[in-house]
Every structure is written in C-alpha cells, then in structure tokens.
Amino acid sequence: MSWSASVLTTVSSDTEPTIVLTFDSAKYIFNVGENTTRAFLQSRRNWKKTRGIFLSSIGTQRASGLPGLLMTFADSGLSNLHVTGPSGLLHFMAAMRKYTFRDNLSVNPVEVPLNQSLEDGRSPVYTDENISVYATPIIPHGDMDTLSVDQGIPPGSTIAIDSRTTPQSPQSASKRKRTPSPHHPSKRFVRGPDLNLLSSLSPGRASSTLQDVMNKSDFDPTSLSGNLAQAWREYIVHTMFPGTKKAASTPSGSSSSGNMERAKKKSQPKKDIPSGPKEAPAPKLVRISQPPGFNKNLPVPEHALVGSPEPSRKPTLAYAVVGSRVRGKFDAKKADALGLKAGPLRSKVARGETVSIMVDDGQGNSIERTIKPEDCMGQSECPGAILLLDVPTPSHIPALLSSFSDSAAFAKYRSQDNTEHTLRTIYHMCGKDVLEDDRYKAFMHSFSDKVHHVVASRQHLQNPVTFTSAAYNQLRLNQLDERIFPIPKFTLQAETDISTLSDLPANTLAMQSNLVNDIRPPRAPVPEKLDGTHDLFHPSIASSTPLSLPHLTQQRFEEVKSTVRGREGASSSSGPGRDVTVCTLGTGSAIPSKYRNVSGTLIQIPGYGNILLDAGEGTWGQLTRNFGDEPSTANNVWEILRDLRCIFISHIHGDHHIGLAKILSMRRKLDPLPSEPLYLVANHTVFMYLRDYSAIEDLGFGTPNGVIPVSSDAIHWRSGSFSPSRTYDSEADQRSSQAAAKQLCQSLGLESLTTVDVEHRIKCHGLIVKHKDGWSIVFSGDTVPTNKLVRAGTNATLLIHEATMADDQVEMAKAKMHSTFGQAIGIGKSMKAQNILLTHFSARYPKMPPPSALKTEGPNDPVLALAFDMANIKLGEMWKLSAYMAAIEQSFIDSPEENDLEESIIDTQTDIS
C-alpha cells in the first residue's frame with residue numbers, strides 16, 4: 001500500500017501550510033488556511049476521495065479556508081467527511097451556520113480536549129484501514145493553569161459587540177467541569193429539528209436534558225453552559241450538514257450530478273442547464289426546518305474549550321500519523337513445510353484467512369492442523385509515520401518538549417530502535433524565533449538522523465507567487481499599463497536562508513508548495529515534476545529578455561497604447577475625485593478560480609483613508625500581493641491596513657465576507673495599534689457571526705481604536721423607512737450606529753455614507769458613498785436589477801455593479817437573484833452614472849466575459865469597463881480601462897489554454913453567491 005505526503009501550500013503572502021496525505025483509496029488534509037480551495041485549483045490536484053480534515057488550531061491562520069472547502073466538497077459530490085481539531089472546533093463550525101451548510105454532506109466533528117492527560121494520547125483520534133492519527137495538545141507556557149477558567153463573556157446584543165470581555169479584561173474565576181469530547185466520529189443526523197434525534201449525540205452530551213430545554217417557549221441558547229452548551233453546538237453542526245439526499249426540486253444549478261462531465265468541457269455558457277420559473281428558488285433563501293434558537297447567538301464557550309482568543313497564545317495540536325502495518329509476503333517454503341499445498345486453501349491463507357487441513361503425523365495417522373496467515377508469512381513491514389508540529393511561539397516549546405518526553409504515547413517517536421513504526425518526516429510549522437531557539441534545535445536533533453525535517457517559517461522561506469496563472473496574465477497586462485496592472489509582489493530571497501542556520505539537522509529543508517514525500521515506499525522529499533505550463537510566471541519574470549507576447553496581442557497593445565496617449569490630454573481626468581483609486585482585489589462570484597478571487601474592492605481616498613467593499617476569502621492575500629508587506633516601502637499593505645477606516649459587508653454569503661475575520665485579526669497585529677477606529681458596516685447576521693467567532697479569536701471589538709459596528713439598516717438612504725420592529729436592532733443600537741456613521745463620514749471627509757436594500761436571495765445591501773469634494777461611488781452588492789439602487793445613486797461618479805451572468809442567461813440570473821451584463825449596464829444608464837465598472841463574474845467566465853458585455857450605444861453613454869483582479873484604476877482614468885478592453889480580450893485569447901477544475905462546480909455553489 002503506497003502513500004505519500006505532499007505540500008499543497010506553504011507560508012506565503014496568501015497561504016499557510018497545508019499538507020495532503022494521499023492513498024489510492026483516500027486523501028487526508030492537515031490544516032486549511034485561507035485560499036486552500038483556490039490552491040487546489042492552481043495545483044491541478046483534486047480533492048476527490050477526501051475523508052478527513054485535521055486542524056492543528058482553531059482560527060484564521062489554520063482553519064479559515066474550512067467553510068469554503070466544505071461547500072466545495074459537497075458541491076463536487078463528497079458525501080461524508082470527518083473534521084478533527086482541538087477543543088473549540090464545534091463552536092468554530094457552529095458559528096458559520098448562517099452561511100455554511102449543505103444538505104447532502106454529513107460532517108462528523110471530533111474535538112481533542114486541550115486539558116487531556118498525557119496518557120490520553122495513546123488512543124487515536126481517527127483511524128481507518130489506511131492511517132491512525134494521534135494528537136496531543138501544545139499549550140503555551142503560562143496558560144497551563146487557566147484552561148478551566150470561564151471566559152466570563154456575558155450575552156449581549158448583536159450590534160454591541162464591544163460589550164464583550166476582551167483578552168485584556170479580568171476573567172471570571174468560577175470553575176466548571178470539563179466538557180468531555182468524543183474520540184469517535186459523531187453519528188449522522190437527518191434533516192430538521194427532530195428533537196428525538198438528540199439521542200444520537202456523542203456520549204456525555206446530556207441530550208435528553210437539552211431536549212427538555214429546547215422544548216421551552218423561551219429557549220435561549222446563550223443561557224446554556226457546560227455539557228448542554230456543547231450538546232447544542234454539536235446539534236447545530238449536524239443541522240448544517242445532515243447528510244440527506246437532495247430533493248428532486250432542487251433549484252437550478254445546485255445539484256452536483258453531472259459535474260465531472262462538465263469539467264471535461266471548455267468553460268462556456270452552459271445551454272443545457274435547466275432554468276425557468278418552475279425551478280427558480282424563492283427570492284429569499286431560507287433553510288427549512290431550522291431548530292429553535294438557530295438564529296440566536298451561541299453560548300459563550302468556557303476558556304477550557306478554546307484557550308486564549310489571542311492568536312499568539314492559542315493552544316495547538318501536534319499530530320502523529322501512522323500508516324497501516326503491511327503484512328509480510330507469503331512464504332511458500334513455510335507453507336510446504338506445514339503441508340499446505342498449492343491450491344484453493346493456500347490462496348485463502350494468502351488472503352489472510354485461517355484454514356484447516358489433514359496432515360500425516362509421521363506415524364501413519366491423519367490429524368487436523370490449523371494454519372493461520374502468520375504461520376506462512378514473512379515478517380510484516382514496519383509502518384511509516386510522520387509528525388506535524390504547530391509551534392507558533394517560543395512559549396509553546398516547553399509543552400511540546402513535555403509531550404515528547406513525559407508521554408509514552410509520543411516519546412516513542414524519538415526512539416532510535418522503535419519496532420512499532422518508522423518515523424520518516426516531521427513537518428514543522430514554526431512561528432517567529434522558534435527555529436532559532438536552542439531548545440527547539442535540540443529537540444529536532446533528538447530524532448533519528450534518517451528523519452527528514454520540513455520547515456515552514458515565515459522569516460526563513462521565500463515568498464514566490466502562489467497563483468501563477470493569474471500572475472502570468474497580470475504580467476502580460478503590465479506591458480499594456482504598468483500602473484493599472486502592477487506585477488504581484490513576491491520575493492525569491494528569504495529574510496534568513498534556512499541553510500545558513502547553525503545546528504539544524506542535516507536533513508532539514510524549507511517547505512515549498514508541491515514538495516512530495518513518498519512514505520511508502522520511502523523516498524526523500526523532492527519537488528514534484530510539473531509540466532512547463534504549470535508556472536509561466538516565475539520563468540518569465542526571471543528571464544533577462546522582456547516577455548514575448550503573441551504577435552496579434554502585441555499589435556493590439558501597441559494600437560491601444562497609441563490611442564490612449566493621444567487622448568490623455570483631452571480626456572476627463574480633471575473632475576472631482578479623479579485621484580481616488582479603485583483596487584479590484586476579487587472579481588469572481590461564488591467560488592475562487594485561478595484567475596479571479598471572490599469579492600473584494602478597495603477604495604483609496606487620498607489624504608483620508610480607505611474603504612473595503614466586501615471581503616471574500618483570500619482578500620488579505622490579494623492586498624498583500626498588490627501592495628507588498630515590506631515595511632520599508634511606501635504604501636505597503638500595513639499602511640493600507642492602518643488607513644482602513646471602513647469595511648462594508650453587503651450580505652452573509654460566504655464569498656463576500658469569509659476573508660473578513662482574517663483582515664480584522666491582522667489589524668490586531670499592527671504595532672503600534674491604529675490611531676483611529678475601523679467602522680464595520682454590516683447587517684445583523686454578519687454581526688451575530690462575528691460575536692460568536694470573537695469568543696475564539698480576538699478581532700478587535702471593544703478595544704481602543706478597534707472595530708466599531710454600524711448597522712446597515714440604521715443608515716438606510718431613506719432615513720426612517722426602516723423601523724426597529726422591522727430589524728434586529730434596538731433603538732439604542734440604531735442611534736449608536738448613526739452616531740458612528742457620522743464619525744466615519746468625518747474621518748473620510750464624506751458628505752454621507754448610506755445603504756440601500758437590494759434584492760437578493762437573502763438580506764443584502766448596496767452602499768452609496770458621497771464625498772464633500774463632489775464625487776460619489778455606488779456599490780450594488782448582489783442583486784437583480786432594482787430601481788431602489790437607481791434612486792439612491794443618481795448621478796454617481798462610479799457605479800460598481802455585479803454582472804454575474806451573460807445576457808443569454810436572463811432566467812438563470814433571475815433564479816439566482818443576480819444581474820446580467822446588460823441589466824447592470826441598464827441600471828448605470830438609468831442612474832446617469834458617469835462610469836460603470838462591472839464585477840462579480842460567474843466562474844463560467846474564468847478569464848473574461850463575452851465581448852457583448854461591453855456594447856454601448858452612443859457618445860453620451862457612461863464609460864464602461866470590466867473589473868480584473870489586482871487592477872488599480874483612478875476614477876479620472878476609468879476611460880483608460882475601458883479603452884484597453886479589446887486588447888485585454890486579445891491577450892486572453894492568446895494565453896495558454898488550461899483545463900480548470902472549477903468547471904466541475906461552477907453551477908453548484910448556490911448558497912454563497
């Protein structure tokens with residue numbers, strides 16, 4: 001049985017380490033940071049046969065790619081999945097309930113207690129015919145005695161997130177009994193809140209008592225604690241992923257059947273996709289049969305469940321993975337000596353069965369002899385093993401050393417004469433200053449000299465571009481306009497080369513993407529051999545000669561550049577807001593692709609600050625690649641983050657906000673902290689999620705110059721049209737939001753910042769930004785064409801409007817509550833916008849939408865352009881991007897053809913688009 005461990009992603013500007021174990025029959029994934037789904041697409045690997053995901057910690061660093069990956073798995077046909085992680089996993093997953101769910105997927109969560117005894121590590125947290133996985137907690141020094149202390153965060157209103165206890169606040173000293181966690185997969189639930197099924201919860205969850213509590217008319221999950229709270233979280237996760245079959249009346253495009261057939265075809269509009277009124281979902285998608293309390297906040301977890309919400313103090317898990325023992329080869333000589341002749345019985349023994357035969361006892365008598373497989377087999381092969389160690393700070397080192405010395409379960413991996421297994425490789429995920437620590441170096445040397453050490457440490461690794469397909473397209477467009485299409489920031493020089501560090505084991509090497517380590521049969525880790533088209537970016541950028549473009553592309557580029565130069569003096573680049581820059585970070589919808597990330601748009605207002613419109617998964621990585629993270633350079637990503645004054649989240653669908661927590665967590669790392677607060681404009685559902693999530697990771701609510709929530713409903717453009725009875729916000733919350741919005745406007749020099757309710761499958765808002773200098777930007781959010789947006793945004797300087805579908809897919813757009821290109825353009829014309837920027841394109845158009853999207857009728861029409869990832873356009877130069885469209889189209893036509901894995905799921909991600 002052959003198996004291997006490969007590095008899908010390593011430490012970079014836009015990824016964290018993800019390790020994939022591959023067997024013929026299954027795959028197992030360790031850690032899923034942001035962009036894991038997109039990395040699968042870029043690597044040309046696939047996630048077929050994935051059985052389990054294992055997380056070393058809970059939070060944005062190791063697990064923020066989980067929600068998108070779960071929905072992608074379900075939409076590509078996966079039906080059952082195990083997810084294992086430290087205590088807090090259930091809370092982490094249950095917090096996603098409003099935007100992460102799939103009826104056809106059964107997810108079995110398994111928590112590893114943080115305060116387990118050292119001997120608990122003897123039992124595997126997961127086992128099947130391929131592997132056994134063992135885990136032990138690594139708790140930072142100084143936190144060991146506080147794991148049983150309740151965090152003491154009282155229930156609060158959705159908007160008043162800052163009322164919760166912060167990490168700097170005093171902690172309650174009340175003790176509570178540890179909630180037991182299962183070491184086996186949880187049982188499957190069926191659809192709906194059938195409370196009788198609570199008996200299916202894992203042992204120790206007090207299910208019958210929870211049923212009694214849930215039956216009460218005033219049931220409030222925030223009042224639960226201990227076992228009842230854990231039972232509730234587990235029940236919520238199984239409600240999110242019940243593993244039931246999809247109904248025959250599933251809305252158009254949401255079935256995963258036929259996906260793999262579509263993946264074999266070119267990316268193009270799918271004419272055979274059923275659509276029309278009969279299959280169109282209701283305008284507002286509501287999950288049926290949700291249990292009572294589903295739409296209320298989760299109970300606040302005890303400190304014992306999650307450890308510190310401060311990322312640098314967060315406990316982690318160390319994993320040991322041991323392959324199955326392989327039986328020795330059948331020994332024919334031993335079989336002959338036992339009297340087992342060639343034939344059916346010998347074949348049975350070779351297959352592992354026990355048989356009985358009649359043999360002569362040497363005295364002429366026949367006796368029965370039982371022959372077991374081991375009687376005829378050679379010595380079994382010692383199974384291979386790997387370790388995965390997550391050590392984010394030097395304060396984690398003492399606990400790590402203790403686990404590998406005081407615990408017999410993990411100490412055996414350091415033994416030089418272990419007959420249970422052979423340790424092949426250790427994957428080290430090291431934070432700042434860990435690898436230089438003499439204690440850690442000594443620990444690495446305590447293993448056999450034959451063990452390979454693969455190290456991921458940000459200061460010791462290069463930072464090459466991860467998504468090379470998009471970067472290569474950007475490199476080509478850079479020759480068209482180097483300011484609008486900057487080359488992604490990267491470096492092939494580590495801050496400190498790992499080879500220069502003294503006292504590391506000889507078999508130490510830097511972790512890099514596509515590094516493959518065969519565990520059986522054993523081979524040293526080596527980079528995977530890839531064909532020449534896998535990465536065209538780095539060879540091109542390293543070449544001493546300029547990038548050679550195809551003849552027709554080069555011709556179109558020269559023609560349009562000449563035209564632009566001729567128009568520059570006379571074009572309308574002198575109006576209000578001409579230097580305001582729009583950076584389109586993500587321009588795709590529903591799922592990321594190699595060429596387009598999901599939604600995210602940065603508005604830079606010179607002299608004032610920045611506004612971020614939506615923040616899909618990977619937005620932080622896009623910001624870092626666009627601006628760079630070198631502190632010595634001007635306008636680097638840390639300055640962008642420090643000057644970020646407002647984030648607007650249009651709605652709860654995952655492709656619009658999954659990257660938000662990462663950005664907020666990175667903002668907490670700024671040193672010194674920002675001098676002004678960050679205003680977060682969103683609706684009730686987003687704040688409910690963030691309040692739940694903040695219990696396991698500090699996002700900056702309630703801290704000096706931290707995050708100030710602003711309710712989208714409270715700043716509606718038609719003031720007074722939303723009464724408290726029609727929203728989740730109290731009058732106090734509305735007044736607080738309106739006061740905060742005034743402070744935000746003052747900070748950014750705005751005349752007003754207001755919202756407009758648009759029409760999507762769930763509650764969604766657009767945004768209208770009006771500056772005192774006389775310019776305005778309207779952002780549509782996700783919506784079908786609506787006159788409310790026209791009235792709210794009349795005479796906009798720029799309309800940024802979603803254009804998910806082509807004009808020949810009107811019915812599908814209506815069914816999914818999106819706009820076509822023509823409809824979006826029509827809205828812009830109706831509101832008399834000066835410029836229209838179309839974005840949020842379906843994955844049907846991975847590179848560029850059909851040319852028909854750019855049709856205009858007359859000289860008085862708005863300037864019309866398509867958005868591309870990592871484009872930086874000043875309002876006064878929007879006409880340039882419009883002028884470049886034909887040349888950009890030619891560049892994509894002439895670019896190398898690639899088969900995109902995402903084609904298999906482009907019609908299925910209906911719940912997050």
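Hydrogens, waters and symmetry mates play no part in the numbers below; they use all other heavy atoms, side chains included. Model, not experiment: these values are computed from the prediction.
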Do [X] side-chain atoms and [Y] backbone N/O form a donor-acceptor pair below 3.5 Å?
| X | Y | answer |
| --- | --- | --- |
| K441 | S502 | yes |
| T508 | P505 | yes |
| R424 | P522 | no |

Go through the structure and list residues passing side-chain contact (heavy atoms from CB on, under 4.5 Å) with [X], not counting sequence neighbours.
| X | result |
| --- | --- |
| S366 | M358 |
| R62 | E16, P17, N31, S56, S57, D390, M429 |
| A350 | F330 |
| D331 | K333, K334 |

Do [X] and [Y] make a side-chain contact, defined as non-hydrogen atoms from C-beta onward lying under 4.5 Å apart?
| X | Y | answer |
| --- | --- | --- |
| V112 | T84 | yes |
| R51 | D128 | yes |
| V454 | T425 | yes |
| L388 | V321 | yes |
| V107 | M240 | no |
| L400 | Y440 | yes |
| T22 | K49 | no |
| D518 | S4 | yes |

**Study point:** side-chain contact (heavy atoms from CB on, under 4.5 Å) between D360 and N365, worked out
**Key:** CA-CA 6 Å; D360 192 308; N365 300 317; 5.8 Å; no

Any luck finding a side-chain donor-acceptor pair between [X] and [Y] under 3.5 Å?
| X | Y | result |
| --- | --- | --- |
| T468 | Q42 | yes |
| T15 | T9 | no |
| N514 | S43 | no |

Review point. Which residue pairs satisfy the side chain to side chain donor-acceptor pair (under 3.5 Å) criterion with at least one member in residues 444-457, sequence neighbours excluded?
Key: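 Qualifying pairs, neighbours excluded: R414-S446, H428-H453, S457-H460.
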
Review point. Can you check side-chain contact (heavy atoms from CB on, under 4.5 Å) on I19 and M511, steps first, answer last?
Key: CA-CA 10 Å; I19 311 298; M511 184 184 293; 4.0 Å; yes

Check your understanding: What pairs with F467 under ring-ring contact (aromatic ring centres under 6.0 Å, His included), at least two apart in sequence or on another chain?
Key ->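 Expected list: none.
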
Exercise for review: Please name all residues satisfying ring-ring contact (aromatic ring centres under 6.0 Å, His included) with Y427, sequence neighbours left out, ordered by chain then number.
Suggested key: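 Listed in chain order: nothing, the list is empty.
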
For [X], give me all partners under salt bridge (Lys or Arg N to Asp or Glu O under 4.0 Å), at least two apart in sequence or on another chain.
| X | value |
| --- | --- |
| R439 | D437 |
| D375 | none |
| K412 | E420 |
| D497 | none |

Check your understanding: Between D336 and K341, is the closest basic N to carboxylate O distance under 4.0 Å?
Key ->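 Salt bridge: no.
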
Review point. Should R233 and E111 count as an ion pair when the cut-off is N to O under 4.0 Å?
Key: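 The answer is no: the pair does not qualify as a salt bridge.
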
Review point. Please walk me through it: do V455 and L509 pass side-chain contact (heavy atoms from CB on, under 4.5 Å)?
Key: CA-CA 6 Å; V455 178; L509 70 159; over 6 Å; no

Review point. How are the rings of F443 and F447 set relative to one another: parallel (under 30°), tilted (30 to 60°) or perpendicular (over 60°)?
Key: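 Perpendicular, since the angle between the ring planes exceeds 60°.
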
Review point. Should the pair W47 and F40 be assigned to parallel (<30°), tilted (30 to 60°) or perpendicular (>60°) ring geometry?
Key: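 Ring orientation of W47 relative to F40: perpendicular.
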
Practice item. Please name the residue in the list Y126, F241, F54 that meets the ring pair (Phe, Tyr, Trp, His ring centres under 6.0 Å) test with H82. Key: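 Going through Y126, F241, F54 one by one, the ring pair (Phe, Tyr, Trp, His ring centres under 6.0 Å) with H82 is satisfied by Y126 alone.
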
Practice item. Would you sort out whether R325 and E374 count as a salt bridge (Lys or Arg N to Asp or Glu O under 4.0 Å), showing the intermediate values? Key: CA-CA 13 Å; R325 182 172 290 272; E374 54 265 33; over 6 Å; no

Check your understanding: Can you list every salt bridge (Lys or Arg N to Asp or Glu O under 4.0 Å) pair that touches residues 24-40, not counting sequence neighbours?
Key ->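 Qualifying pairs, neighbours excluded: none.
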
